[in-house]
Structure formats: C-alpha cells, structure tokens
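What follows is a set of notes on a single structure, which appears directly below.
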Amino acid sequence: MRMVGDEILQAVSYADAGTSVRPYKDFNVVWGVATVYRPKINLEGNPRYEIWMKNYVWDASGHVTFQYRDDSTLKPGLPFQVGGNDVDMMEELERSAEAVIQETLPQLDQVKTLKDCREILGSDAAYVRDYDLGGEYDSDEGMLNYKLYTLEEFTARKKKTVDSVEARDKERRTQIMNEQVAIFRKYTEDERYHRKVQEEMERRKAANQEILRCYGLKL
C-alpha cells in the first residue's frame, strides 16, 4: 500500500482464485485505488470482495491466475491433479511480484490526482446520491464528483453516457441522467445542502486518514 498525497490510497493484494485442485493452489493478484472520500476504507476483508480492488495483474503470458504446488494437501485415497505448475510458493510469489513491477506499478504511477483516480474507479464513482433518502453504500466514491466538476461539467459527462447507448436504451439512460443532474444541482446550488456535502467529505477524510495511519501509512 502507498499514499499519493493525503487523499489517494493505492493497494496491491493477493486473493484466492477459487479454482485450486489439489495439490496446486491458485491465486490472483489484484490492485485498486481508493480515496479518503468513500464512506469507509476497509482493509480487513477479502480483497476479492472489495469493489475498488477490481483490477487483475496479468502475467507475461496473458494469464491472471498464478499457481504453485503444495504437497501438504495430498492425502491417501483423495483425488489429485497432475501436470500443473510444479513450482514452490516462493517462486510463484516472486513471479507475481515481477508482474506487478512490470505491469501494475507503471499504471499506478500515472494515478497522481483525484481526476486520475476517478477514471480508474469508473462506475464506483459515477453516481451521486441524494442523502435525504438515507441508506449506506460502503463502496460509494460518488462524492468525488462534487470535488472535481462544476454542474456544467457533470451534466456533460452524463450526456456522454446517453449519447453512447443504443436507441432502445436512451429513454432509461436519459431518465437516470436527469435524476443525477437534479441531485448534483441540489447539493451544489442550495447552500444548505452544499454545506452538508462539504462537512461529510471532511468527516470521511478525517476518519479514513485515521484508519490509514493505524496501518502505518504516513500522510
């Protein structure tokens, strides 16, 4: 893990691929970026189920699954596979680390600003919410939009999503666009709601920075 400034977290982690057949063990290497403006940065759970850790590291041959042999899983009478990747765990971990260095770090090095982060996050940061309706989305990075765009810029981005779909989907996408623009206008042009958003962003920033400090990250 590393920080870019005091707002952007970059992380690389390992996750069980869920496809292992004895005596081989399969794993993926995943990476992602998050900001201190999400409701809560969670580093305790399985990275496979963290939406922001959604990017896979590919090896030089174009595969996302790494594999090593673990003979400790062999038991008499139990079926097993032959012909897998017969290397030990450390050798495969080293190979995966090299893939991170060659493929992933150059991409992460390009994520320097909140706008860069917003593009990596994609749909996780695409929608703003009406907080009057309640509810919690722990994966939500939508508040980034208030930091990055004016009403005109946000509207233009949403219009592009309408223009990019086929005719049969335009009516529904236009409805979503109008709803999103209305929420954005409410939280930027009404001073009461604008203040509410600013206060919530500062609260999240302080809370998430404290979480990150507990992991030894320097902000």
Side-chain angles (χ1 to χ4, degrees), residues 1-20 25-58 64-66 89 93 96-97 99-101 103-149 154 180 183-184 187 196-219:
M1 294 186 296
R2 68 182 184 184
M3 293 295 296
V4 178
D6 64 353
E7 295 178 305
I8 300 172
L9 171 68
Q10 301 181 347
V12 178
S13 188
Y14 293 89
D16 182 3
T19 57
S20 300
K25 290 192 175 180
D26 299 343
F27 66 91
N28 302 121
V29 187
V30 293
W31 65 273
V33 297
T35 79
V36 294
Y37 301 107
R38 66 193 301 113
K40 182 180 180 181
I41 293 177
N42 179 17
L43 300 174
E44 298 294 331
N46 187 328
R48 177 177 299 282
Y49 304 116
E50 293 298 322
I51 293 177
W52 60 280
M53 294 287 288
K54 63 184 178 181
N55 305 289
Y56 286 89
V57 174
W58 299 73
V64 297
T65 301
F66 296 85
M89 181 177 68
L93 286 175
S96 69
V100 171
I101 293 170
E103 184 215 340
T104 306
L105 290 186
Q107 296 181 69
L108 289 174
D109 286 341
Q110 298 303 309
V111 183
K112 301 175 181 178
T113 68
L114 287 177
K115 278 197 173 183
D116 298 333
C117 191
R118 164 69 182 80
E119 297 310 312
I120 293 289
L121 287 163
S123 61
D124 193 32
Y127 298 97
V128 292
R129 294 176 48 217
D130 189 341
Y131 293 91
D132 280 349
L133 301 180
E136 287 294 336
Y137 294 155
D138 286 342
S139 62
D140 184 25
E141 290 271 10
M143 276 195 167
L144 277 181
N145 292 286
Y146 295 116
K147 289 191 69 70
L148 298 177
Y149 308 119
F154 182 78
Q180 285 287 292
I183 295 171
F184 195 92
Y187 283 94
K196 181 177 180 180
V197 163
Q198 296 299 313
E199 291 172 351
E200 177 62 12
M201 282 194 289
E202 288 306 308
R203 185 197 68 78
R204 292 183 180 189
K205 182 177 182 179
N208 282 319
Q209 286 180 336
E210 183 59 30
I211 290 172
L212 295 171
R213 288 190 186 96
C214 289
Y215 282 91
L217 292 171
K218 295 182 179 181
L219 288 72

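What you see below is based on every heavy atom in this structure, not just the backbone, and it leaves out hydrogens, waters and symmetry mates.
Summarising the geometry of Ala125 relative to Leu144, their closest heavy-atom pair is CB-CD1, 4.5 Å, with the distance given to 0.1 Å. The two residues Ala99 and Val57 make their nearest non-hydrogen contact at CB-CG1, 3.7 Å. Contact between Ile51 and Lys54 at its shortest, heavy atoms only, is O-CB, 3.1 Å. Minimum heavy-atom separation, Asp16 to Gly18: OD1-N, 3.0 Å.
Residues Met1 and Leu43 meet the side-chain proximity criterion, which asks for heavy atoms closer than 4.5 Å. By the 4.5 Å heavy-atom criterion applied to side chains, Tyr56 and Val30 are counted as neighbours. You'll find the side chain of Val4 stays beyond 4.5 Å of the side chain of Asp116, heavy atoms only. Counting heavy atoms from C-beta on, the side chains of Ile183 and Tyr127 never come closer than 4.5 Å.
Under a cut-off of 6.0 angstrom, the local environment of OH in Tyr14 is crowded, with over 12 non-hydrogen atoms contributed by other residues, nucleotides or ligands. For Tyr215, the OH atom sits in a packed shell: over 12 heavy atoms of surrounding residues, nucleotides or ligands are nearer than 6.0 Å. The local environment of NZ in Lys196 is crowded, with over 12 non-hydrogen atoms from other residues, nucleotides or ligands closer than 6.0 Å.
Between the CD atom of Gln198 and the CE atom of Met143 there is a distance of 9.0 Å, given to the nearest 0.5 Å. Annotation: the span from Arg203 atom CZ to Tyr37 atom OH amounts to 13.0 Å, rounded to 0.5 Å. The line from CG of Leu121 to CZ of Arg38 is 7.0 Å long, rounded to the nearest 0.5 Å. Asn46 CG to Met53 CE: the interatomic distance, rounded to the nearest 0.5 Å, is 10.0 Å. Interatomic distance, Asn208 CG to Arg213 CZ, rounded to the nearest 0.5 Å: 11.0 Å. Note that the CD atom of Glu210 and the CD1 atom of Ile41 stand 12.0 Å from one another [nearest 0.5 Å].
With Asn55 contributing its side chain and Trp31 its backbone, the two residues share a donor-acceptor pair below 3.5 Å. A donor-acceptor pair under 3.5 Å links the side-chain atoms of Gln180 to the main chain of Val128, judged by distance alone. Checking side-chain atoms of Ser20 against main-chain N and O of Asp26 turns up a donor-acceptor pair under 3.5 Å.
Between Val36 and the choices Leu212, Ile211, Leu9, the side chain to side chain contact (heavy atoms under 4.5 Å, CB included) rule is met once, by Leu212.
Ring planes of Tyr146 and Phe184: parallel class, angle under 30° (limits at 30 and 60°).
Using a 4.0 Å cut-off between charged nitrogen and carboxylate oxygen, Asp109 and Arg2 count as a salt-bridge pair. Of the charged side-chain nitrogens involved, at least one lies within less than 4.0 Å of a carboxylate oxygen, so that Glu200 and Arg204 count as a salt-bridged pair.
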Inset, instruction - Decide yes or no on side chain to side chain contact (heavy atoms under 4.5 Å, CB included) for Asn145 and Arg118, but give the supporting numbers first. - result: CA-CA 8 Å; Asn145 292 286; Arg118 164 69 182 80; 3.7 Å; yes

Inset, instruction - Please lay out, stage by stage, how Glu7 and Lys205 fare under the test side chain to side chain contact (heavy atoms under 4.5 Å, CB included). - result: CA-CA 8 Å; Glu7 295 178 305; Lys205 182 177 182 179; 4.3 Å; yes

Legend entry - Candidate pair Asn42 and Glu50, rule side-chain hydrogen bond (donor to acceptor under 3.5 Å, both in side chains), full reasoning: CA-CA 8 Å; Asn42 179 17; Glu50 293 298 322; 3.2 Å; yes

Inset, instruction - Show the numbers, then the answer: is there a side chain to side chain contact (heavy atoms under 4.5 Å, CB included) between Glu141 and Trp52? - result: CA-CA 9 Å; Glu141 290 271 10; Trp52 60 280; 5.7 Å; no

Inset, instruction - Apply side chain to side chain contact (heavy atoms under 4.5 Å, CB included) to the pair Ile8 and Leu114, showing each step before the final yes or no. - result: CA-CA 7 Å; Ile8 300 172; Leu114 287 177; 3.9 Å; yes

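A side-chain N or O of Tyr187 and one of Asp130 form a donor-acceptor pair less than 3.5 Å apart.
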